[in-house]
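Below is one structure, written out as structure tokens, with a few remarks after it.
Counting starts at 1 for both ligands and their atoms, following the listed order. Predicted model only: the values in this text are computed from it and were never measured. No hydrogens, no waters, no symmetry mates; every other heavy atom, side chains included, goes into these values.
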Amino acid sequence: YAAKGGRQGVNVYDEARDGHGRHRLEDVAQLRRALDQHELVLHYQPKLALSTGQIDGVEALVRWQHPTRGLLYPDSFIDLAESAGLMSRLTTQVIDMALAQARSWADEGRELTMAVNVSPSNLVDEQFPDHVAALLRDHGRSARSLVLEVTESLLMEDRERAVRVLGRLRDAGVGVAIDDYGTGHSSLAYLAALPVTELKLDRTFVSAMTGSARAESIVTSTLQLAHALGLVLVAEGAEDQATVDALANLGCDLVQGYHLSRPLPPEQLWLWLEDRATARIG
Ligand code: C2E
Ligand code: MG
Ligand code: MG
Ligand code: MG
């Protein structure tokens, strides 16, 4: 399966052009067209449950299938979407596509938890929980089959409102993960008060853990913290078997990373799941 190749995308949004209003307007117009014409596509990266060896779910990662520039990665257009006021539409479209995909996989016999990344503007939108509930209903999916991933820094912007919006999503049963955990600077008191269900330890700690006792200590103590708070710990960015083994020995719950699989288009992810099931039986 598609182990070949790294990123083939190029950046459409060039910071250096930021001062040139004309180019930015063109970029915004193109992104608007992308939303209208459904040029955004999702790739999916599996999450492995270390205690069972089963694939527990997937994370949806957005890409832009640009008509002339090829496949573009989120780092090149997410900030633009945010600053152009298009993030609410983008997130709605992503959740819609992700839930439709999860539904179709469920219909084919595979129940997978779906994780979607959300942005600051989503969490200050008091209507966001209602939009999510409507999309879950539309696709016949349960709230607990959906996890929203938010970064720590995002939570710093308008704390009270973000906590309120997250609280309503949690009350509805939707999972909430803190993404890139350890790279922000929220206090432990704040963390304890947040309505979240998962911590996703940033890949800088995960990728360093097998070569560094200090990095391993950070993983160990984060794991203890997560479990003490009743949260699931996800390790992101595991790139080799030694790291996966070390995480399993420490009692980490879920692992994600290139060693298992890169994010894949849905058809390829399905084949990867089928191959894996066959390999485990045979
Ligand atoms: P993230 O949510 O922390 O996602 C993980 C990123 O790390 C992904 O990059 C993934 O391809 C990459 N990755 C996964 N495993 C490994 C590994 O083993 N090694 C390394 N070096 N990298 C790994 P991607 O897809 O380019 O996404 C980058 C970021 O863009 C995401 O970080 C997320 O913050 C944002 N993003 C992606 N999709 C969406 C979306 O639909 N909406 C919003 N608002 N943001 C998104
Ligand atoms: Mg994420
Ligand atoms: Mg992350
Ligand atoms: Mg990230």
Item to check | N, O or S atom of Glu59 closer to the Mg ion (ligand 2) than 2.8 Å | outcome: yes
Checklist entry - Quick one: CG on Leu233 to OH on Tyr181, what's the gap to the nearest 0.5 Å? => result 9.5 Å
Checklist entry - Who gets closest to atom 42 (N) of ligand 1 by heavy atom: Leu40, Asn117, Asp202? => result Asn117
Checklist entry - Which option out of Phe77, Tyr73, Tyr258 puts a heavy atom nearest to atom 18 (O) of ligand 1? => result Tyr258
Checklist entry - Do you see an N/O/S atom of Asp180, backbone or side chain, under 2.8 Å from the Mg ion (ligand 2)? => result no
Checklist entry - Where on His43 is there a heavy atom closer than 4.0 Å to ligand 1, on the side chain, on the backbone, on both, or on neither? => result neither
Checklist entry - What distance separates Leu40 CG from Met97 CE, expressed to the nearest 0.5 Å? => result 5.5 Å
Next on the checklist: Tell me if a side-chain donor or acceptor on Arg63 pairs with a main-chain N or O of Leu71 at a distance below 3.5 Å.
Outcome noted: no
Checklist entry - Any N/O/S atom, backbone or side chain, of Glu149 lying under 2.8 Å from the Mg ion (ligand 3)? => result no
Checklist entry - So, Glu111 and Arg141, do they make that salt bridge, N to O below 4.0 Å? => result yes
Checklist entry - Taking ILVMFWY side chains as joined if any heavy atoms are under 4.5 angstrom apart, and letting links pass through other members, which residues group with Val232? => result Val234, Leu254
Checklist entry - Is any NZ, NE, NH1 or NH2 atom of the basic residue among Asp36 and Arg89 found under 4.0 Å from an Asp or Glu carboxylate oxygen of the other? => result yes
Checklist entry - Quick one: which of Met97, Glu239, Gln93 has a heavy atom closest to atom 21 (N) of ligand 1? => result Glu239
Next on the checklist: Do the side chains of Arg203 and Glu239 get close enough for a salt bridge, i.e. N-O under 4.0 angstrom?
Outcome noted: no
Checklist entry - Using a heavy-atom cut-off of under 4.0 Å, does the side chain or the backbone of Val116 touch ligand 1, or both, or neither? => result neither
Next on the checklist: Once you restrict to heavy atoms under 4.0 Å, what part of Asp75 touches ligand 1? Side chain, backbone, both or neither.
Outcome noted: side chain
Checklist entry - Where's the contact between Leu61 and ligand 1, heavy-atom distance under 4.0 Å: side chain, backbone, both or neither? => result both
Item to check | Of the N, O or S atoms in Asp179, the one nearest the Mg ion (ligand 3) | outcome: OD1
Checklist entry - Where does Ala238 meet ligand 1, judged by heavy-atom distances below 4.0 Å: at the side chain, the backbone, both, or neither? => result backbone
Checklist entry - Taking only heavy atoms of Val94, which atoms of ligand 1 are found under 4.0 Å from at least one of them? => result 41 (O)
Checklist entry - Any nitrogen or oxygen of Arg203, main chain or side chain, under 3.5 Å from a nitrogen or oxygen of ligand 1? => result yes
Checklist entry - Can you tell me if Arg63 has a non-hydrogen atom under 4.0 Å from ligand 1? => result yes
Item to check | Enumerated ligand 1 atoms positioned under 4.0 Å from heavy atoms of Pro263 | outcome: 11 (O)
Checklist entry - Is it true that Gln256 lies under 4.0 Å from ligand 1, counting heavy atoms only? => result no
Next on the checklist: Just to check, does Glu59 reach to within less than 4.0 Å of ligand 1 when the distance is taken from its heavy atoms?
Outcome noted: yes
Checklist outcome for this item: Quick note on ligand 1: atoms under 4.0 Å from a heavy atom of Asp179 include exactly 1 (P), 2 (O), 3 (O)
Checklist entry - Does one hydrophobic cluster hold both Val147 and Leu229, with members joined at side-chain heavy-atom distances below 4.5 Å? => result no
Checklist entry - For ligand 1, which atoms, with element, lie under 4.0 Å from some heavy atom of Gln45? => result 14 (C), 15 (N)
Checklist entry - Considering only N, O or S atoms, which atom of Glu236 is nearest to the Mg ion (ligand 3)? => result OE1
Item to check | From Trp270 atom CH2 to Leu112 atom CG, the distance as rounded to the nearest 0.5 Å | outcome: 8.0 Å
Checklist entry - Run the side-chain hydrogen bond (donor to acceptor under 3.5 Å, both in side chains) check on His227 and Asp253 step by step: do they pass? => result CA-CA 10 Å; His227 287 176; Asp253 303 296; 2.8 Å; yes
Checklist entry - Does the ring of Trp64 carry Arg69 above it, NZ/CZ under 6.0 angstrom from centre and within 45° of its axis? => result no
Next on the checklist: For ligand 1, which is the ligand I care about here, please tell me if Pro74 has any N or O atom under 3.5 Å from one of the ligand's N or O atoms.
Outcome noted: no
Item to check | Member of Lys200, His43, Gln45 meeting the side-chain hydrogen bond (donor to acceptor under 3.5 Å, both in side chains) criterion with Glu59 | outcome: Lys200
Checklist entry - N/O of His259 under 3.5 Å from N/O of ligand 1, yes or no? => result no
Next on the checklist: Whether the side chain of Asp275 engages the backbone of Trp272 through a donor-acceptor N/O pair (distance < 3.5 Å, no angle test) should be reported.
Outcome noted: no
Checklist entry - For the atom pair CG (Asp79) and OG (Ser119), what is the distance rounded to the nearest 0.5 Å? => result 8.5 Å
